[in-house]
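Reading through the structure tokens given below for one structure.
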Amino acid sequence: MPSKLKVTLVGAAGGIGQPLALLLKQSPLITELALFDVVPVVKGVAADISHVDTPSVVTGYTKEDDGQSIALKDADVVVIPAGVPRKPGMTRDDLFNINAGIVRDIAQAIAENCPKAFVCVISNPVNSTVPVTAEVLKAAGVFDPRRLFGVTTLDVVRASTMSAQAIDQPTSAPEYTVPVVGGHAGTTILPLLSQAKPSLPSSLFSDKTKLEALVHRIQFGGDEVVAAKAGAGSATLSMAYAGYKFVDRLIGAAFEGKKDVVEPSYVYTKENKELEGELGQGIDFFSVPVLLGPNGAEKQLPLGKLSEYEQTLLKAAVPELVGSINKGISFVAPKL
């Protein structure tokens, strides 16, 4: 058990930030929870959840009096849901110019105030904002690929829930684990249903229409929520749940000594020759199953055996993902 564990949440007053702050406050391992946002209500959010009877001391900061630097100073874990949410008709790419700029500035502040922190990026489009973060940290000379994560856990959570619903066993969602690889937007999201544990029934795989509908629903689950909220928001509550789930697993492996903790995450894969062999080409970032530990991403695990249908999905995912990665890298390059 760590004697001190500081977690900083950047974008803590938003639709994801507020419920995620509350979930983080429930962790018995966190001793300091720093909330930062550009809107003043963040101090009220901090005051509100500070009444919860768990160990962490909660503080709220705005841009005034160098609040972001103070919030980030010596943080062990930084979680970033900052940015604008998706609206109806908006793709993740529409979000890019606004959120990439926000994430770039946060990454610069991380480099200056907590260069050794584990950084968990939630801000969309993750396929591009993680490369943005990496480029800023590289330029500052503090990039450690094992400590940067794009949080794709919502895709994993959706895969469990939606698979259980597809086989008419909706209450069994927690029993199913489906690895999800690739990226975190539309067709770059590749749920490996053939590797589900326990195995999904063969009747699902033999029904092409049903299988394709399930994959599409997992890939475009965010659109389902945006439409249902009718202009009033995007997937914030389920994303907060998924974000906490990943951070909790990371903290357990990095600070509590938990072993064999494997979570898919969008990580730096440029040096991963095994993945290059599986894809038939190199790629700088990809969501793969990651063994978590004291240094963060201790080991990137192979994709494993894919079905013929999954191979087809993979071929479609890679070119789009490469474009999103390059977009993130080129956004930073001229501005550093």
Side-chain angles (χ1 to χ4, degrees), residues 9 11-24 37 39 41 45 79-96 98-99 102 121-129 150-178 180 182-191 193 196 200 204 207 209-247 264 266 287 313 317 320 324:
L9 183 61
I16 298 169
Q18 290 201 32
L20 182 49
L22 177 60
L23 290 166
L24 289 166
D37 209 301
V39 294
V41 75
V45 174
V79 188
I80 311 172
V84 299
R86 289 173 71 199
K87 295 181 174 68
M90 204 187 236
T91 66
R92 281 186 168 88
D93 274 345
D94 293 332
L95 295 176
F96 176 75
I98 301 169
N99 286 358
I102 292 168
V121 180
I122 292 172
S123 308
N124 275 319
V126 164
N127 290 354
S128 302
T129 54
V151 180
T152 58
T153 312
L154 181 52
D155 303 323
V156 180
V157 167
R158 282 180 177 145
S160 296
T161 300
M162 293 171 180
S163 296
Q165 291 170 347
I167 60 171
D168 299 319
Q169 294 178 27
T171 60
S172 64
E175 296 165 27
Y176 285 94
T177 303
V178 179
V180 183
H184 183 56
T187 54
T188 68
I189 297 167
L190 177 49
L193 297 167
L200 291 163
L204 173 66
D207 187 335
T209 305
K210 195 172 184 179
L211 179 62
E212 288 178 354
L214 173 57
V215 169
H216 186 273
R217 191 176 173 217
I218 294 165
Q219 290 178 328
F220 295 94
D223 295 352
E224 194 175 297
V225 179
V226 169
K229 288 191 176 180
S234 57
T236 52
L237 300 172
S238 53
M239 184 60 246
Y241 167 80
Y244 175 68
K245 191 171 186 180
F246 180 79
V247 173
Y266 185 68
S287 188
L313 293 172
E320 187 182 335
S324 297

Which residues share a salt bridge (charged side-chain N to carboxylate O under 4.0 Å, His left out) with E212, sequence neighbours left out: K208
Does any N or O in the side chain of S128 come within less than 3.5 Å of the main-chain N or O of S324, such that one atom is a donor and the other an acceptor? yes
Counting only N and O atoms by type, is there a donor-acceptor contact under 3.5 Å from the side chain of Q18 to the main-chain atoms of A13? yes
Please check: side-chain N/O of E320 versus main-chain N/O of T188, any donor-acceptor pairing under 3.5 Å? no
May I ask you to decide if Y176's main-chain N or O and S160's side chain share a donor-acceptor pair within less than 3.5 Å? yes
Report the C-alpha separation of V151 and M239 in whole Å, then their side-chain angles, then the decisive distance to 0.1 Å, and conclude whether the side chain to side chain contact (heavy atoms under 4.5 Å, CB included) test is met. CA-CA 9 Å; V151 180; M239 184 60 246; 4.0 Å; yes
Contact summary for A235 and L154, nearest pair of heavy atoms: CB-CD2, 4.4 Å
Indicate the atoms forming the closest heavy-atom contact of V178 with A196, along with that distance. CG2-CB, 3.9 Å
Go through the steps to decide whether K229 and T236 satisfy the test side chain to side chain contact (heavy atoms under 4.5 Å, CB included), and finish with yes or no. CA-CA 11 Å; K229 288 191 176 180; T236 52; 3.2 Å; yes
Provide the closest heavy-atom pair for D37 versus G14 in the form atom of the first, atom of the second, distance. OD2-N, 3.7 Å
L20 and I122, any side-chain heavy atoms less than 4.5 Å apart: yes
I'd like to check V225 versus S234 (side-chain heavy atoms, cut-off strictly below 4.5 Å). Are they in contact? no
Heavy atoms of A159 and S163 approach each other most closely as O-OG, 2.6 Å
Report yes if the side chains of E175 and Q169 come closer than 4.5 Å at any heavy-atom pair, otherwise no. no
Inter-residue atom distance M162.CE - L214.CG, 0.5 Å rounding: 8.5 Å
Check the pair S238 / V157 against side chain to side chain contact (heavy atoms under 4.5 Å, CB included), numbers first and verdict last. CA-CA 9 Å; S238 53; V157 167; 5.9 Å; no
Using the ring pair (Phe, Tyr, Trp, His ring centres under 6.0 Å) rule, collect all pairs that involve residues 210-234, keeping only residues at least two apart or in two chains. H216-F220
Measuring only between side-chain heavy atoms, which start at C-beta, is S123 closer than 4.5 Å to I102? no
Any side-chain heavy-atom pair of V156 and V180 under 4.5 Å: yes
So how far is it from Y241 OH to I16 CD1, rounded to the nearest 0.5 Å? 15.5 Å
Under a 3.5 Å distance rule, please check whether Y266 uses its side chain to pair with a backbone N or O of G182 as donor and acceptor. no
Heavy atoms of P19 and L237 approach each other most closely as CG-CD2, 3.9 Å
Any side-chain to backbone donor/acceptor pair from N99 onto V84? Under 3.5 Å, distance only. yes
So, taking the atom named CD1 in I167 and the one named OG in S172, what distance separates them when rounded to the nearest 0.5 Å? 5.0 Å
Hey, does the side chain of N127 reach the backbone of G183 with a donor-acceptor pair shorter than 3.5 angstrom? no
For L9 and L24: C-alpha separation, side-chain torsions, deciding distance, then whether side chain to side chain contact (heavy atoms under 4.5 Å, CB included) applies. CA-CA 9 Å; L9 183 61; L24 289 166; 4.2 Å; yes
Apply the test side chain to side chain donor-acceptor pair (under 3.5 Å) to residues T129 and N124: give CA-CA distance (whole Å), side-chain angles for both, the deciding distance (0.1 Å), then the verdict. CA-CA 7 Å; T129 54; N124 275 319; over 6 Å; no
Does some side-chain heavy atom of L193 sit less than 4.5 Å from a side-chain heavy atom of I218? yes
Counting N and O atoms only, with roles assigned by atom type, does the side chain of K210 sit under 3.5 Å from a partner on the main chain of A166, one being a donor and the other an acceptor? yes
